[in-house]
Amino acid sequence: MSETTRQALYQTAIRLGQAVNYRSAGTVEFVFDANTQEFYFLEVNTRLQVEHGVTEEVMNIDLVEWMVRLAAGTLPPLHTLQPTAVGASMQVRLYAEDPHKNFQPSAGLLTQVQFPSNTRVDTWVEIGSDVPAFYDPMLAKIIVHADTRTAALAKLQHALANTKIAG
């Protein structure tokens with residue numbers, strides 16, 4: 001995506017938020033046509049999305065911290081916080097689901113939990129965690145960041161190869 005298109009997306013999202021006096025984290029989603037290089041508004045999600053870690057990695061910011069500081073009145077004005085996108089980030093969601101049973105949740109006690117130490121892993125599980133069948137079966141988000149998409153993909157493949165969950 002060209003920097004011109006990226007800036008147009010940013011400005012469109014900013015204008016939309018300003019039009020409704022929105023003051024919190026949220027996601028403005030667009031559909032992008034790679035052939036025509038045009039984008040089209042899709043929706044606004046007025047909350048953090050499960051992919052917010054990808055944004056945090058590329059922008060080198062902590063969106064949750066910003067939300068807390070905004071609520072506390074200690075966040076500087078957004079126009080003074082000018083993060084710049086650097087590199088590429090990818091995320092994989094790890095679920096306790098059984099693909100042989102139409103991806104229904106797979107509950108039980110975890111006997112092995114191993115994540116690579118050099119990778120961002122947002123998780124709640126450890127050895128001995130009991131995964132219930134009553135909630136969202138997501139166990140972890142594995143998030144990588146690198147200078148390029150190709151390098152990020154290689155890093156993600158390495159992280160997945162070094163992730164082990166059993167139970």
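Remember, it's a predicted structure, so these values are computed and weren't measured experimentally. Scope of the values below: all heavy atoms of this structure, side chains included, with no hydrogens, waters or symmetry mates. Nothing fancy with the numbering, it's 1 onward along the sequence.
- Every residue two or more places apart in sequence or in another chain was checked for a salt bridge (Lys or Arg N to Asp or Glu O under 4.0 Å) with Glu43, and none qualifies.
- Counting heavy-atom neighbours within 6.0 Å of Tyr40 OH, excluding the residue itself, gives a total above 12.
- Atom CZ of Arg69 is surrounded by more than 12 heavy atoms from other residues, nucleotides or ligands within 6.0 Å.
- Across Arg120 and His52, no two heavy atoms sit closer than the pair NH2-NE2, 4.4 Å.
- Atom NE2 of residue His145 and atom CD1 of residue Ile143 lie 11.5 Å apart, to the nearest 0.5 angstrom.
- The shortest distance between side-chain heavy atoms of Trp66 and Leu78 falls below 4.5 Å.
- Atom NZ in Lys155 sits 14.0 Å away from atom OG1 in Thr150 (nearest 0.5 Å).
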- Message: Go through it in stages, so that I can follow the logic: the residues are Leu110 and Ile127, the test is side chain to side chain contact (heavy atoms under 4.5 Å, CB included), and I'd like the CA-CA distance, side-chain angles, deciding distance and then a yes or no.
- Response: CA-CA 6 Å; Leu110 295 178; Ile127 293 173; over 6 Å; no

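- The two atoms that bring Phe32 and Gln37 nearest to each other are CZ-OE1, 3.5 Å, heavy atoms only.
- Glu29 and Asn45 share a donor-acceptor pair across their side chains, judged by distance under 3.5 Å alone.
- By the 4.5 Å heavy-atom criterion applied to side chains, Gln49 and Thr55 are not counted as neighbours.
- Other residues, nucleotides and ligands place no more than 12 heavy atoms under 6.0 Å from the NZ atom of Lys101.
- Put simply, the side chain of Phe30 does not reach to within 4.5 Å of the side chain of Leu42, judged on heavy atoms.
- Using a 4.5 Å cut-off on side-chain heavy atoms (C-beta onward), Pro105 and Glu97 make no contact.
- Within a 6.0 Å radius of CG in Asp136, other residues, nucleotides and ligands contribute more than 12 heavy atoms.
- Looking only at side-chain heavy atoms (C-beta outward), Trp124 and Val131 come within less than 4.5 Å of each other.
- Within 6.0 Å of CG in Asn60 there are 12 or fewer heavy atoms belonging to other residues, nucleotides or ligands.
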